Peer 1: 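Here you go, one structure.
Letters A, B, ... are given to chains in the order of the sequence lines, protein chains preceding strands, and every chain is numbered from 1. Note that these values count all heavy atoms, side chains included, but never hydrogens, waters or copies made by symmetry. In this text, all values refer to a predicted model and were calculated from it rather than measured experimentally.
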2 protein chains.
Amino acid sequence: MMQRRTRQRDTIRAVIERANRPLDVQDVLARARRHVPRLGIATVYRTINALLADGIIVPVEIPGRPVTYERANLRHHHHFYCTACKKVYEMEGCLLGTRPAAPCGFKVESHEITLFGTCAACA
Amino acid sequence: MMQRRTRQRDTIRAVIERANRPLDVQDVLARARRHVPRLGIATVYRTINALLADGIIVPVEIPGRPVTYERANLRHHHHFYCTACKKVYEMEGCLLGTRPAAPCGFKVESHEITLFGTCAACA
DNA sequence: ATAGATGCAAAGGGTTTGCACTTGA
DNA sequence: TCAAGTGCAAACCCTTTGCATCTAT
């Protein structure tokens, strides 16, 4: 995948990597079209799927919201969703002090935490 | 909403309330059809939406999976998603030892935690 | 030159809606 | 009785796929 370098792919990747918050497909399309006006939505989906497969970006799924994507090489962190302005913020570090407890026989491989509330700007 | 009592609604509500794990729409349809064979998928969606609006059930959204639903009046808990058998398990209690830390000015109102891994049955 | 990538439009899969029929109160 | 509720199918969305065209190598 992603064997050739194209303007579309460079643009889509740059849009996601330079954003200061996770972007959904429509966000990516809108921003990328500023540089590639004729960009099609199918190319956005194909490129996002390729970037996911290559481990360059990861999905960020907030319950009740469309999937968003961010660069994969960020430090372990979680997300804060402001219910007022609908923005997603990165929360540095992990909120779980200890390894998550699970019933006997259950093996925890990873976890996701989302905080909901209002951000400083909305308070 | 839900002005009249029907066999379909009683069945759908009972199916969700009696399940020992959150169910997605297809789960609900399959189980409810045992009692109401001609039940249509549209009625399942309509009833689930009505139960959500009435606060009788809540959505449980596991990243990458179809939305599931469970009764609303359960104690605070989180979910474990088995990546092998694709089932969602209830995890009693909360994994956050302390109140979640957030940057100054951020007000945390609620949180969601999802654990990923393999369950006892699949290990 | 040529296989990979793109844009468009059609196809898919899941959810909602329109409508005539059924049914609870 | 008769409006709420149902089942079916069509309509909608969002995402993926097919295909002719374009383009990076």
Side-chain angles (χ1 to χ4, degrees), chain A residues 1-17 22-70 86 88, chain B residues 1-17 19 21-70 81 86-88:
Chain A
M1 276 208 177
M2 310 271 311
Q3 303 179 15
R4 293 181 187 178
R5 193 152 190 218
T6 66
R7 202 149 61 86
Q8 288 87 337
R9 290 183 175 174
D10 284 351
T11 302
I12 290 166
R13 180 170 175 172
V15 158
I16 295 172
E17 294 198 327
L23 303 180
D24 67 26
V25 171
Q26 292 304 322
D27 293 331
V28 173
L29 179 64
R31 293 180 183 208
R33 272 190 172 159
R34 292 179 201 149
H35 303 90
V36 188
R38 309 219 36 131
L39 180 64
I41 187 71
T43 297
V44 175
Y45 279 108
R46 280 187 284 236
T47 303
I48 283 177
N49 287 338
L51 293 171
L52 286 170
D54 289 351
I56 291 164
I57 64 174
V58 291
V60 175
E61 310 199 39
I62 304 292
R65 304 252 84 208
V67 191
T68 57
Y69 304 91
E70 68 184 7
K86 316 296 186 200
V88 177
Chain B
M1 276 208 180
M2 311 273 307
Q3 303 179 16
R4 292 181 188 178
R5 194 153 190 219
T6 67
R7 203 149 62 85
Q8 289 87 337
R9 289 181 175 173
D10 284 352
T11 303
I12 290 166
R13 179 171 175 172
V15 159
I16 296 173
E17 295 198 326
R21 64 182 179 85
L23 303 180
D24 67 26
V25 171
Q26 292 305 322
D27 293 332
V28 173
L29 179 65
R31 292 180 183 208
R33 273 192 172 157
R34 293 178 200 150
H35 303 90
V36 188
R38 310 221 34 133
L39 179 64
I41 187 71
T43 297
V44 175
Y45 279 108
R46 280 188 283 235
T47 303
I48 283 177
N49 286 337
L51 293 171
L52 285 170
D54 289 351
I56 292 164
I57 64 175
V58 291
V60 175
E61 309 198 40
I62 305 292
R65 299 258 84 208
V67 191
T68 58
Y69 304 91
E70 68 184 8
Y81 175 66
K86 319 296 188 199
K87 286 211 192 88
V88 176

Peer 1: Quick one: list whatever passes side-chain hydrogen bond (donor to acceptor under 3.5 Å, both in side chains) with A/Glu70, sequence neighbours left out.
Peer 2: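 A/Glu70 satisfies side-chain hydrogen bond (donor to acceptor under 3.5 Å, both in side chains) with A/His77, A/His79 only.
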
Peer 1: Taking CG from B/Asn49 and P from D/dT6, how many angstroms apart are they, rounded to a whole number?
Peer 2: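 B/Asn49 atom CG is separated from D/dT6 atom P by 13 Å.
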
Peer 1: Using a cut-off of strictly less than 4.0 Å, decide whether B/Arg9 has a side-chain nitrogen or oxygen near OP1 or OP2 of D/dG5.
Peer 2: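 Looking at the OP1 and OP2 atoms of D/dG5, one of them is under 4.0 Å from a side-chain N or O of B/Arg9.
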
Peer 1: With side chains defined as the heavy atoms from C-beta onward, is the minimum distance between B/Ile16 and B/Ile56 less than 4.5 Å?
Peer 2: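 No. Closest side-chain heavy atoms not under 4.5 Å.
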
Peer 1: Does B/Thr6 put a side-chain nitrogen or oxygen below 4.0 Å from OP1 or OP2 of D/dT6?
Peer 2: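 Yes, because at least one side-chain N or O of B/Thr6 sits under 4.0 Å from OP1 or OP2 of D/dT6.
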
Peer 1: In this structure, how many angstroms lie between the P atom of D/dT23 and the CD atom of A/Gln3, rounded?
Peer 2: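 Rounded to whole Å, this separation is 18 Å.
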
Peer 1: Please identify which of these residues, A/Ile62, A/Ile57, A/Val60, meets the side-chain contact (heavy atoms from CB on, under 4.5 Å) condition with A/Pro22.
Peer 2: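 Single side-chain contact (heavy atoms from CB on, under 4.5 Å) partner of A/Pro22 among A/Ile62, A/Ile57, A/Val60: A/Val60.
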
Peer 1: Hey, could you give me each pair passing side chain to side chain donor-acceptor pair (under 3.5 Å) that has a residue in residues 56-68 of chain B? Not counting sequence neighbours.
Peer 2: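 Passing the test, one end in residues 56-68 of chain B: B/Arg65-B/Tyr81.
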
Peer 1: Show the nearest heavy-atom pair for residues B/Val88 and B/Arg21, with the distance to one decimal.
Peer 2: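 Smallest heavy-atom distance, with atoms named: O-CB, 3.2 Å.
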
Peer 1: Round to a whole Å and report the spacing from CD1 of A/Ile48 to C1' of C/dA5.
Peer 2: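 Interatomic distance, CD1 of A/Ile48 to C1' of C/dA5: 16 Å.
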
Peer 1: Take B/Pro66 and A/Leu39, find for each the nucleotide of DNA chain C with the closest heavy atom, and name the residue whose nucleotide sits nearer the 5' end.
Peer 2: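 Mapping each residue to its closest nucleotide by heavy atoms, the 5'-most match is A/Leu39.
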
Peer 1: Anything under 3.5 Å between a protein N or O and an N or O of nucleotides 18-22 of chain D, put it in a table, one pair a line.
Peer 2:
{"unit_1": "D/dG18", "atom_1": "O6", "unit_2": "A/Arg46", "atom_2": "NH1", "d": "3.3"}

Peer 1: Taking CG from B/Leu52 and C1' from C/dT16, how many angstroms apart are they, rounded to a whole number?
Peer 2: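 After rounding, the reported distance stands at 14 Å.
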
Peer 1: Which residues pass the side-chain hydrogen bond (donor to acceptor under 3.5 Å, both in side chains) test with A/Glu17, sequence neighbours left out?
Peer 2: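 A/Glu17 satisfies side-chain hydrogen bond (donor to acceptor under 3.5 Å, both in side chains) with A/Arg13 only.
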
Peer 1: Report the distance from atom CZ of B/Arg13 to atom P of D/dG5, rounded to the nearest whole Å.
Peer 2: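 It is 14 Å, rounded to the nearest whole Å.
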
Peer 1: Calculate the interatomic distance between B/Asp24 atom CG and C/dG13 atom P; express it in whole Å.
Peer 2: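 Going from CG in B/Asp24 over to P in C/dG13 covers 17 Å.
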
Peer 1: Looking at A/Arg4 and C/dA3, is any side-chain donor or acceptor paired with a base atom of the opposite kind under 3.5 Å?
Peer 2: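 Flag set: donor-acceptor pair detected.
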
Peer 1: Counting only side-chain nitrogens and oxygens, does A/Gln8 get under 4.0 Å of the OP1 or OP2 atom of C/dG7?
Peer 2: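 So the side chain of A/Gln8 is within the cut-off, an N or O lying under 4.0 Å from OP1 or OP2 of C/dG7.
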
Peer 1: Would you kindly compare B/Ile41 and B/Arg7 by the position of their nearest DNA chain C nucleotide and give the one closer to the 5′ end?
Peer 2: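 It is B/Ile41 whose nearest nucleotide is closer to the 5' end.
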
Peer 1: With nearest nucleotide decided by heavy atoms, which residue, A/Val67 or B/Arg33, maps closer to the 5′ end of DNA chain D?
Peer 2: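 Final value for this comparison: B/Arg33.
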
Peer 1: Rounded to whole angstroms, how far apart are CG on A/Asp10 and C1' on D/dA24?
Peer 2: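 Spelled out: CG on A/Asp10 to C1' on D/dA24 is 12 Å.
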
Peer 1: Enumerate, atom names and distances included, each donor-acceptor pair closer than 3.5 Å involving a side-chain atom of residues 27-37 of chain B, sequence neighbours excluded.
Peer 2:
{"unit_1": "B/Asp27", "atom_1": "OD2", "unit_2": "B/Asp24", "atom_2": "N", "d": "3.0"}
{"unit_1": "B/Arg33", "atom_1": "NE", "unit_2": "B/Leu39", "atom_2": "O", "d": "2.9"}
{"unit_1": "B/Arg33", "atom_1": "NH2", "unit_2": "B/Leu39", "atom_2": "O", "d": "2.9"}

